> 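I'd like to ask some things about the structure below.
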Protein chains: 2
Amino acid sequence: MQLTVADSIRAQIISGDLESGAALSEVTLAAEHGVSRTPVREALKQLQTEGLVEIRPRVGTFVTTPSRAEIIELFQMKEVLEGAAARFLAQRGEVPELKALRVNIARSDAALAANDVAAYTDLVGEFHQLIVEGAGNSKLVQHYTTLMNQLAYTRLVSTSLSLPGRFAESENEHRHILDVIETRDAAGSERLMRHHVQASQDALLEVLSPAAPRGSER
Amino acid sequence: MQLTVADSIRAQIISGDLESGAALSEVTLAAEHGVSRTPVREALKQLQTEGLVEIRPRVGTFVTTPSRAEIIELFQMKEVLEGAAARFLAQRGEVPELKALRVNIARSDAALAANDVAAYTDLVGEFHQLIVEGAGNSKLVQHYTTLMNQLAYTRLVSTSLSLPGRFAESENEHRHILDVIETRDAAGSERLMRHHVQASQDALLEVLSPAAPRGSER
DNA sequence: GAGGTGTCTGTTGCATGGTAGAGATGAGTA
DNA sequence: TACTCATCTCTACCATGCAACAGACACCTC
């Protein structure tokens, strides 16, 4: 399986190489990828159903810019899916992902001790990913992945970690979540995971626009 | 907005006009819709990301046939999303969808009294749809819709209602769910909704293959 | 000066032809 | 009879060309 055009464009959008609202010309993309316009068109159509670009007929294709309301909706979905994942994982008991999660926590501790924000940013993404994968439901992974792509999540995390105290707090929450999952307390795991997602959302929204506290819109 | 080729093919798949596993020839579809192969290809690519068809490169496109394991995964997701929807709806309080739900229940009562399975089948779909829409999260609606399309849910419901007693039981569960939502008990609404989805899954799987009880696979 | 209209350019939308790969089918051999 | 290999056909895949539309700009009219 080689990298498709869609994968390439998707990566550019998620990484932020292509800015929000940027126009995506078919001919330009075709030239950049060394193919004709046809496969580019197909890729854009695919990215549209993934919610990453918006195709305005006869006008052009643009990178979607989620509104503040949409970001809140996405985080609400994140809370739902990750909460469910934690619950399923706790129910399943010992699976390979649990071991990987313990390693993740150990590395996060080290990153915290060294105050290495960049390393921890990656570890945060991995932590959440591992929980979702550990739930043992491929559909859950699929929906979660599209969600995270729409949020351009990895880009956001490093921002929210800039809040004073959030780094240590986040790491603490992660450790507690894993502890509860290991006790196989399904309901508790779900509750804790939801709280954690809410906390990280609060931190993020505070950084994005400090004036508006969580829940004040819609 | 006119009906696109993708919409047309999607409708055919969901309704069952196109059977599971059926090969979708580009030229045939193009001829049927009076267009060339290019827009058909784009439509198929879109349906692939929706999980409705499987494109085997250089071979052809086929209507996906969810395995038994996948159906269980899909129902697990259905439980998660509808549970969350019920919770959100209970939290929101009085919204237009609540009124529609009361009408729905009244009609369902009538259908039950008249033993009108066909009418009730539609009402079941509407009930669940209203709960999800009432949650006030457009992303939730999107993910839920793709999920239901993958399950070809409406086709399945009538099957499960053939079980003796399931019709009345299902209607009863619906009424209880709406009752609890109206008391604005978020946690209780979520719990009840999950149980209902599980019950309907049990009924369905029993009809599909009576030998294997729920949870015996994977 | 302001509003409307016509043209012009850049873009997407679709059709079609050539190419390459996958699968099937047949013949040949052990 | 069974198995292997070569050929052949059918399919998706991509490139390219043409048509149609949206938006911008200038000009004309009031």
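Quantities reported herein were computed from a predicted structural model and do not represent experimental measurements. In what follows, every chain begins at residue 1, and chains take the letters A, B, ... in the order their sequences are listed.
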> Tell whether Arg58(A) reaches the base of dG23(D) with its side chain through a donor-acceptor pair below 3.5 angstrom.
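No, no donor-acceptor pair under 3.5 Å.
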> Assign each of Glu42(A) and Arg37(A) to its nearest nucleotide of DNA chain D by heavy atoms, then name whichever residue's nucleotide is nearer the 5' end.
Glu42(A)
> Would you say Ser36(A) places a side-chain N or O within less than 4.0 Å of OP1 or OP2 belonging to dA15(D)?
yes
> Which residue lies toward the 5' end of DNA chain C, Ile55(A) or Arg56(B), if each is placed at its nearest nucleotide?
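Nearest-nucleotide comparison on DNA chain C picks Ile55(A).
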> Angle class for the His174(A)/Tyr120(A) ring planes (parallel below 30°, perpendicular above 60°, tilted otherwise)?
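Taking Tyr120(A) first and then His174(A), their aromatic rings sit tilted (interplane angle of 30° to 60°).
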> State, with a plain yes or no, whether a side-chain heavy atom of His143(A) is found less than 4.5 Å away from one of Lys139(B).
no
> Quickly work out the Glu26(A) CD to dC14(D) P distance and round it to whole Å.
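After rounding, the reported distance stands at 15 Å.
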> Look at all strands and tell whether Leu24(A) reaches a base, only sugar-phosphate, or nothing, counting heavy atoms closer than 4.0 Å.
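Sugar-phosphate contact only - Leu24(A) comes under 4.0 Å of backbone atoms but never of a base.
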> Write down the distance between NE2 (His33(B)) and C1' (dG13(C)), rounded to a whole number of angstrom.
17 Å
> Closer to the 5' end of DNA chain C via nearest nucleotide, is it Pro57(B) or Gly34(B)?
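Taking each residue's closest nucleotide, the earlier one in sequence belongs to Gly34(B).
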> Going from CE on Met193(A) to CD on Glu79(A), what distance comes out if it is rounded to the nearest 0.5 angstrom?
10.0 Å
> Which whole-number value in Å describes the distance from Leu29(A) CG to dT12(C) C1'?
13 Å
> Quick one: the side chain of Thr61(A) and the base of dT12(C), do they pair up donor-acceptor inside 3.5 Å?
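Between dT12(C) and Thr61(A), which were checked side chain against base, a qualifying N/O pair under 3.5 Å is absent.
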> Less than 3.5 Å between a donor and an acceptor, one on the side chain of Thr38(B) and one on the base of dT16(C), is that the case here?
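Donor-acceptor pair under 3.5 Å: yes.
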> Rounded to the nearest angstrom, tell me the gap between atom CZ in Phe62(B) and atom P in dT11(D).
10 Å
> Do side-chain atoms of Asn104(B) reach the backbone of Leu123(B) as a donor and acceptor pair under 3.5 angstrom?
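Answer holds: yes.
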> Take the protein atom CZ of Arg41(A) and the nucleotide atom P of dA15(D), then report the distance between them rounded to whole Å.
14 Å
